[in-house]
Amino acid sequence: MELLANAKINLTLDILRRREDGYHDLQMVMQSVTLADELTVAPAQGAEGVAASDLRFLPTGRKNLAQMAAAAFRQATGLGGEVDISIRKRIPVCAGLAGGSADAAAVLRAMNQLTGAGLPRLELARIGERVGSDVPFCTLGGTALAEGRGERLTPLPPLPPCQIVICKPPFPISTPQLFSRVNVRKIVRRPDTRGVAAALEAGDLAGVARRMYNVFEDVLERRRAAQISSIKAVLIDCGALGASMSGSGPSVFGLFGDGRRAQEACGRLKESFQDVFLCSPAGPDV
């Protein structure tokens, strides 16, 4: 079975509190985009399934998120056997775009169809909680409010038609390190999550764009913060209605109502960066 695994961006990312279990309660508006990995899922040729990709440094066995998703599905349902998974990577890794989670979610959808289990998407999303915090959203796709660790999902009206330019600078950002720097009581600037939801309801793209924010941007190292800000400045200068960092970064995206300006932004950014993508919002996975 061949299928796509769509990346996600965070229209908002807010950290509400640190929990007793050491995790944080988050509040995020998440959006699927058409930037996607290409997957093939088939019955395993050997005793154990493998996950092959065009990136040699990614794990191929049980530590691969896609294989973890297949195992979680089998454990939850008692259905299906080992599978071989081929992944053609288009989503950059360690980018704040949920590439690994998107692949895991795609495997859950594939196993659901291949086994004839017919589980509702919300039940698949609950299985995805065992694999990773972004997997439940990636299983549903579209536009949603994500709360808790990301597992509590409320569908929202779709992002109005637009062009999205994504740029990933060539450095990693440690998610645990970012969380360790967050002092929830000292967060000054927060996204207007309720306002974003209202703008989505009204079909107001500019209203969404001007309310976007990611609180992780305030705890970046100074050098990294400057690089993120410079990419946002190019996007805004080219006509983006708003720009923000996605997830724990380092990818930055801008929303454009004008395709020509989005193309101009891509051209400008490609002069300095390799990983630049032009895409659009994606609807819920079915």
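- Connection of V252 to I173 is established within a shared hydrophobic cluster, with ILVMFWY side chains joined at heavy-atom distances below 4.5 Å, either directly or through further cluster members.
- Under the 3.5 Å distance criterion, with hydrogens and angles disregarded, a donor-acceptor pair is assigned to the side chains of D218 and Y213.
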Run the numbers on L235 and V165 for side-chain contact (heavy atoms from CB on, under 4.5 Å), then give the verdict.
CA-CA 8 Å; L235 291 166; V165 177; 3.8 Å; yes

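- Contact record, A209 with G242: CB-N, 3.7 Å, taken as the closest heavy-atom pair.
- Side-chain contact between F253 and S246: present, with at least one pair of heavy atoms (C-beta onward) separated by less than 4.5 Å.
- Screening R261, R268, K232 for a side-chain hydrogen bond (donor to acceptor under 3.5 Å, both in side chains) involving D237 leaves a single residue, R268.
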Between R90 and D37, is a salt bridge (charged side-chain N to carboxylate O under 4.0 Å, His left out) present by the stated rule, with each step listed?
CA-CA 5 Å; R90 291 293 178 265; D37 291 342; over 6 Å; no

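- Here I9 contributes atom CD1 and M245 contributes atom CE; the two are 13.5 Å apart, rounded to the nearest 0.5 Å.
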Evaluate salt bridge (charged side-chain N to carboxylate O under 4.0 Å, His left out) for E221 paired with R181, printing each intermediate quantity in order.
CA-CA 10 Å; E221 294 178 0; R181 292 179 182 162; 3.2 Å; yes

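- Both V41 and V131 belong to a common hydrophobic cluster when Ile, Leu, Val, Met, Phe, Trp and Tyr are linked at side-chain heavy-atom distances under 4.5 angstrom.
- With S230 contributing its side chain and Q227 its backbone, the two residues share a donor-acceptor pair below 3.5 Å.
- Between the OG atom of S251 and the CD1 atom of I166 there is a distance of 7.0 Å, given to the nearest 0.5 Å.
- Note that the CG atom of D103 and the CG atom of L3 stand 9.5 Å from one another [nearest 0.5 Å].
- Annotation: side chain of M212 is not in contact with side chain of D192 (no heavy-atom distance under 4.5 Å).
- Contact of the L11 side chain with the S244 side chain is not registered, since no non-hydrogen atoms from C-beta on lie closer than 4.5 Å.
- With contacts defined as side-chain heavy-atom distances shorter than 4.5 Å, the pair T12/N214 does not qualify.
- Under the 4.5 Å side-chain criterion, counting only non-hydrogen atoms from C-beta, R74 is in contact with M111.
- Between the side chains of K8 and N10, a donor-acceptor pair is found at a separation under 3.5 Å.
- Figure legend: cation-pi geometry between R224 and F171, with NZ or CZ positioned under 6.0 Å from the six-membered ring centre and within 45° of its axis.
- What you find for L97 and P92 is that their closest heavy atoms are CD1-CD, 3.9 Å.
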Before giving the answer on side-chain contact (heavy atoms from CB on, under 4.5 Å), spell out for V107 and F73 the whole-Å C-alpha distance, their side-chain angles and the decisive distance to 0.1 Å.
CA-CA 9 Å; V107 169; F73 182 89; over 6 Å; no

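- Other residues, nucleotides and ligands contribute over 12 non-hydrogen atoms within 6.0 Å of the CZ atom of R19.
- Counting heavy atoms from C-beta on, the side chains of D14 and L26 never come closer than 4.5 Å.
- Nearest heavy-atom pair, A282 versus Q31, reported as atom, atom and distance to 0.1 Å: O-NE2, 3.3 Å.
- Of the possible polar contacts, none joining the S101 side chain to the A98 backbone as a donor-acceptor pair under 3.5 Å is found.
- To the nearest 0.5 Å, the span separating CZ on R149 from CE on M28 amounts to 10.5 Å.
- Each of L124 and L153 belongs to its own hydrophobic cluster when Ile, Leu, Val, Met, Phe, Trp and Tyr are linked at side-chain heavy-atom distances under 4.5 angstrom.
- Here the CD atom belonging to E151 is positioned 14.0 Å from the CZ atom belonging to R130, to the nearest 0.5 angstrom.
- R121 places a side-chain N or O within 3.5 Å of a backbone atom of L140 that can act as its donor or acceptor partner.
- Of the possible donor and acceptor atoms, one in the side chain of D54 sits under 3.5 Å from a partner among the backbone N and O of K89.
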I'd like to know whether V208 forms a side-chain contact (heavy atoms from CB on, under 4.5 Å) with L200, so could you lay out the CA-CA distance, the side-chain angles of the two residues, the decisive distance to 0.1 Å, and finally the verdict.
CA-CA 7 Å; V208 171; L200 289 168; 3.8 Å; yes

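- No side-chain N or O of Q113 forms a donor-acceptor pair with one of R109 less than 3.5 Å apart.
- Side chains of E48 and R62 form a contact here, defined as non-hydrogen atoms less than 4.5 Å apart.
- Side chains of T175 and S248: a donor-acceptor N/O pair is present below 3.5 angstrom, by distance only.
- Between the side chain of T139 and the backbone N or O of A125, no donor-acceptor pair lies under 3.5 Å.
- Remark: L35 CG to L278 CG distance equals 10.5 Å, nearest 0.5 Å.
- Looking at Q67, its side chain does come within 3.5 Å of a backbone N or O of V83 through a donor-acceptor pair.
- Put simply, the side chain of M30 reaches to within 4.5 Å of the side chain of D134, judged on heavy atoms.
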Take L269 and S272 through the side-chain contact (heavy atoms from CB on, under 4.5 Å) test and state the conclusion after the steps.
CA-CA 6 Å; L269 289 168; S272 304; over 6 Å; no

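- Side-chain N or O atoms of N6 include none that pairs as donor or acceptor with a backbone N or O of A36 at under 3.5 Å.
- Of all heavy-atom pairs between G141 and S32, the closest is CA-OG, 3.2 Å.
- Looking only at distances, a side-chain donor or acceptor of N112 sits under 3.5 Å from a matching main-chain atom of L119.
- With a 6.0 Å radius and a threshold of 12 heavy atoms from other residues, nucleotides or ligands, Q177 has its CD atom above the threshold.
- Across F256 and C162, no two heavy atoms sit closer than the pair O-CB, 3.3 Å.
- In the hydrophobic cluster analysis, where Ile, Leu, Val, Met, Phe, Trp and Tyr join through side-chain heavy atoms closer than 4.5 angstrom, V219 is grouped together with I228.
- The cluster map of Ile, Leu, Val, Met, Phe, Trp and Tyr, joined by side-chain heavy atoms under 4.5 Å apart, puts M68 and L39 in the same cluster.
- Of all heavy-atom pairs spanning P136 and S133, the tightest one is CD-O, 3.5 Å.
- The aromatic rings of H24 and F179 lie parallel to each other, with less than 30° between the two planes, well short of the 60° mark.
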